[in-house]
Every structure is written in structure tokens, then in C-alpha cells.
Engineer: 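What follows is a single structure, and I will ask about it in a moment.
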Amino acid sequence: MKKSLLGSFLLFLALFAQAQDARTVFINMPDSLMPLLTKVNREDCIDFLDSKMRAQVKNKFGNMSEMTDLSVDYIRMKMTEQSDWQMKLLTTTDSTKIVCAISTACAPACDSEIRFYTTDWQELPASQFILLPVMDDFFLNPDSTKQLEYTEARDAADLFLMKASLNKEDDTLTFSMTTTDYLSQEIADKVKSFLSKPLAFEWVSDRRIFVKR
């Protein structure tokens, strides 16, 4: 009897762990959250990569989408020529995992949307897990001799665009301001002279939040 209970418990743990790997979570993603791809498309992408083949599938628009990265906790899809999608499974201290998903569209400047979910794709408020950067977070404080140039550059950045990227190797998240990609070269150069490097955030599992490095 004890052996039977132990066997059942170990089977439960194995199934629970499997249910929280990236490929299983991705396959079970509702079509409403990724309308370009069907469940069969998602399964095919994983099968292709497992077979060491290029993971390209024809999406619902008749164009090609491609899975470019797959690991136990990370997936990246090139959805179209102008857009991609990433997901990362983030660990917590209670053995559950949080899904962080980023959609990025470029036209030509890139802009990202970041969302969080449970592993069965129930959306969670992003504010629980990160304080997203605002435009001023990317600007460096100028010295007094460059105050006028700073003011002109800051005013020229009239539309806040930001690209987010998950690191497939670790639990870090990087934000880059992309507003300059739609400005003229002359103005973009002036704005860039006052911009910081991309902002890096690190997942802290016991606090269940991304914190700025």
C-alpha cells in the first residue's frame, strides 16, 4: 500500500513538472492568445526543432512563422517579418511558475508589450511582477552646460517606444528605448547622446518580481 501511494505521488510530481516546461505550456496556449498559429502549428514547430529541422510553419495568414529558440524554460517565435514573440517560465519559491510573454512589433521602430500568466494561461496583472520603465528612466541627467541641448532632445522624443527582450540563458529582462528609430538621423543622434544603456532587470524568485539591476 505504501509503495502504491509513493508511486502515485512520484507520478504526480513527474506530470506536474512536465506540465510546467515551456513546450507543454506553449502547446496548451489558447488560440485566442496567439491567433496566427494553431495548436498543430505549435506542436509542429517543436517537433521540427526536436528533429534538428528548421521550425517553419505556415500561419493563418498564409505566411511563414518560425520557432528560433526552444529550451526547458524559454521559447522564441519569429511570427512575421516585423514581429516576434518570446516566453519565459519564471520560478517561484512555492514550486509554481509564472509565464512572462513579450510581443514585439516593428514598423520600423520596435515596441513591445509584456504580459504575465499562470501556466494554464490565466492572465495576471503585470504590476505585480514589474514596475515598467518610463521614458525619463532612459535619459541621463545632463550637466549644466548641456541643459539646452538636453531640453531640445527630450522634447524631440515625443513618442515613447520601448523594446523588451528576455534572456534565454538566465532570468533577466532588458529594455531599450527605440523612439530614435523613427526620428531623422540628425535628431536621433542628438537624443541618443543623452540616453543611457539598455535597462536590465533580474527576476527575484522569492519576491516574485523583476528588480532593476
Side-chain angles (χ1 to χ4, degrees), residues 7 10-92 95-124 129-130 162-176 178 181 198 200-203 205 210:
L10 292 175
L11 177 61
F12 169 78
L13 288 180
L15 292 173
F16 180 76
Q18 182 183 30
Q20 293 201 58
D21 67 8
R23 64 177 62 207
T24 305
V25 172
F26 179 69
I27 289 172
N28 293 328
M29 184 180 189
D31 289 351
S32 59
L33 296 180
M34 187 170 280
L36 267 185
L37 300 180
T38 65
K39 183 176 183 178
V40 172
N41 288 151
R42 298 193 294 274
E43 291 172 331
D44 284 345
C45 284
I46 290 173
D47 289 342
F48 289 150
L49 279 187
D50 284 343
S51 302
K52 310 300 182 183
M53 299 169 60
R54 189 172 183 180
Q56 283 190 325
V57 294
K58 186 173 288 188
N59 60 45
K60 291 183 179 179
F61 285 170
N63 299 316
M64 303 305 292
S65 297
E66 180 178 4
M67 180 179 286
T68 59
D69 293 281
L70 170 65
S71 68
V72 173
D73 63 1
Y74 177 82
I75 287 175
R76 181 178 180 271
M77 292 288 309
K78 183 69 174 175
M79 301 301 296
T80 68
E81 288 297 320
Q82 292 81 34
S83 64
D84 68 19
W85 181 89
Q86 298 173 284
M87 67 163 276
K88 183 88 173 183
L89 292 184
L90 305 167
T91 59
T92 66
S95 299
T96 60
K97 295 186 179 180
I98 303 296
V99 180
C100 178
I102 296 176
S103 299
T104 301
C106 305
C110 296
D111 194 37
S112 298
E113 179 180 51
I114 181 169
R115 293 189 177 187
F116 294 86
Y117 303 88
T118 62
T119 53
D120 60 354
W121 294 104
Q122 301 300 308
E123 187 166 4
L124 302 166
F129 306 104
I130 191 169
M162 178 174 68
K163 182 179 180 180
S165 182
L166 290 159
N167 190 318
K168 65 181 179 181
E169 304 295 341
D170 57 36
D171 292 341
T172 57
L173 174 61
T174 303
F175 293 94
S176 302
T178 57
D181 292 343
F201 287 69
E202 185 172 7
W203 177 252
S205 59
F210 277 105

Engineer: Could you please spell out the steps behind the side chain to side chain contact (heavy atoms under 4.5 Å, CB included) verdict for Phe48 and Gln56?
Structural biologist: CA-CA 8 Å; Phe48 289 150; Gln56 283 190 325; over 6 Å; no
Engineer: Is there a donor-acceptor pair closer than 3.5 Å between any side-chain N or O of Lys88 and the backbone N or O of Asp170?
Structural biologist: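 A pair under 3.5 Å: yes.
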Engineer: Determine whether a donor-acceptor pair (N or O, by modelled atom type, separation under 3.5 Å) exists between the side chain of Asn41 and the backbone of Thr38.
Structural biologist: yes
Engineer: Partners of Tyr117 by ring pair (Phe, Tyr, Trp, His ring centres under 6.0 Å), sequence neighbours excluded?
Structural biologist: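 Ring pair (Phe, Tyr, Trp, His ring centres under 6.0 Å) check on Tyr117 returns Trp121.
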Engineer: Does Asp84 have any side chain to side chain donor-acceptor pair (under 3.5 Å) partners at least two apart in sequence or in another chain, and if so, which?
Structural biologist: Arg76
Engineer: Given the rule in the side chain to side chain contact (heavy atoms under 4.5 Å, CB included) test, do Ile114 and Cys100 qualify, once you have shown the distances and angles that lead to the verdict?
Structural biologist: CA-CA 7 Å; Ile114 181 169; Cys100 178; 3.8 Å; yes
Engineer: How far does CD1 of Ile98 sit from CG of Leu124, to the nearest 0.5 angstrom?
Structural biologist: 5.5 Å
Engineer: Looking at Gln86, Lys168, Met87, which hits side-chain contact (heavy atoms from CB on, under 4.5 Å) with Ile75?
Structural biologist: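 For Ile75, the side-chain contact (heavy atoms from CB on, under 4.5 Å) check succeeds only for Met87.
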Engineer: Can you label the angle between the Phe26 ring and the Trp85 ring as parallel, tilted or perpendicular, going by 30° and 60°?
Structural biologist: tilted
Engineer: Mind listing the closest non-hydrogen atom pair of Ser112 and Lys163 along with its distance?
Structural biologist: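 Closest approach of Ser112 to Lys163: OG-CA, 3.4 Å.
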Engineer: May I ask you to test the Met34-Arg42 pair for a side-chain heavy-atom distance under 4.5 Å?
Structural biologist: yes
Engineer: Which residues satisfy the side chain to side chain donor-acceptor pair (under 3.5 Å) test with Ser205, sequence neighbours excluded?
Structural biologist: none
Engineer: With heavy-atom distances below 4.5 Å as the criterion, would you say the side chains of Lys58 and Met64 are in contact?
Structural biologist: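 A side-chain contact under 4.5 Å exists here.
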Engineer: Under a 3.5 Å threshold, yes or no: a donor from one side chain and an acceptor from the other, between Asp73 and Ser71?
Structural biologist: yes
Engineer: Could you check if a side-chain atom of Leu37 sits within less than 4.5 angstrom of a side-chain atom of Met79, using non-hydrogen atoms only?
Structural biologist: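 Yes, side chains in contact.
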Engineer: Can you tell if the side chain of Asp171 reaches within under 4.5 Å of the side chain of Glu202, non-hydrogen atoms only?
Structural biologist: no
Engineer: Any idea which heavy atoms bring Leu49 and Asp69 closest together, and the distance?
Structural biologist: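 Where Leu49 meets Asp69 most closely, the heavy atoms are CD1-C, 4.4 Å.
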Engineer: Within this structure, what is the CG-CD distance for the pair Asn28 and Glu43, rounded to the nearest 0.5 Å?
Structural biologist: 8.5 Å
Engineer: Say whether, by atom type as modelled, one donor and one acceptor occur between the side chain of Trp203 and the main chain of Phe129 under 3.5 angstrom.
Structural biologist: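 No: the side chain of Trp203 does not pair with the backbone of Phe129.
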Engineer: Looking at Arg23 and Asp47, does any basic side-chain N land under 4.0 Å from a carboxylate oxygen?
Structural biologist: no
Engineer: Is there side-chain contact between Asp181 and Pro108, with at least one heavy-atom pair below 4.5 Å?
Structural biologist: no
Engineer: Can you check whether Thr96 reaches Thr119 side chain to side chain, under 4.5 Å on heavy atoms?
Structural biologist: no
Engineer: Checking the side chain of Thr178 only, and the main-chain atoms of Cys110 only, is there a donor and an acceptor separated by less than 3.5 Å?
Structural biologist: yes
Engineer: Is a side-chain N or O of Thr80 found less than 3.5 angstrom from the main chain of Gln82, in a donor-acceptor match?
Structural biologist: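 Indeed, once roles are kept as given, a pair shorter than 3.5 Å links the two residues.
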Engineer: Looking at every non-hydrogen atom in both residues, tell me the closest pair between Lys78 and Glu81 and how far apart they are.
Structural biologist: NZ-O, 3.4 Å
Engineer: Between Arg115 (side chain only) and Ala101 (backbone N and O only), is there a donor and an acceptor less than 3.5 Å apart?
Structural biologist: no
Engineer: Nearest heavy-atom pair of Phe210 and Thr172: which atoms, and what distance?
Structural biologist: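 Closest approach of Phe210 to Thr172, heavy atoms only: CE2-C, 4.5 Å.
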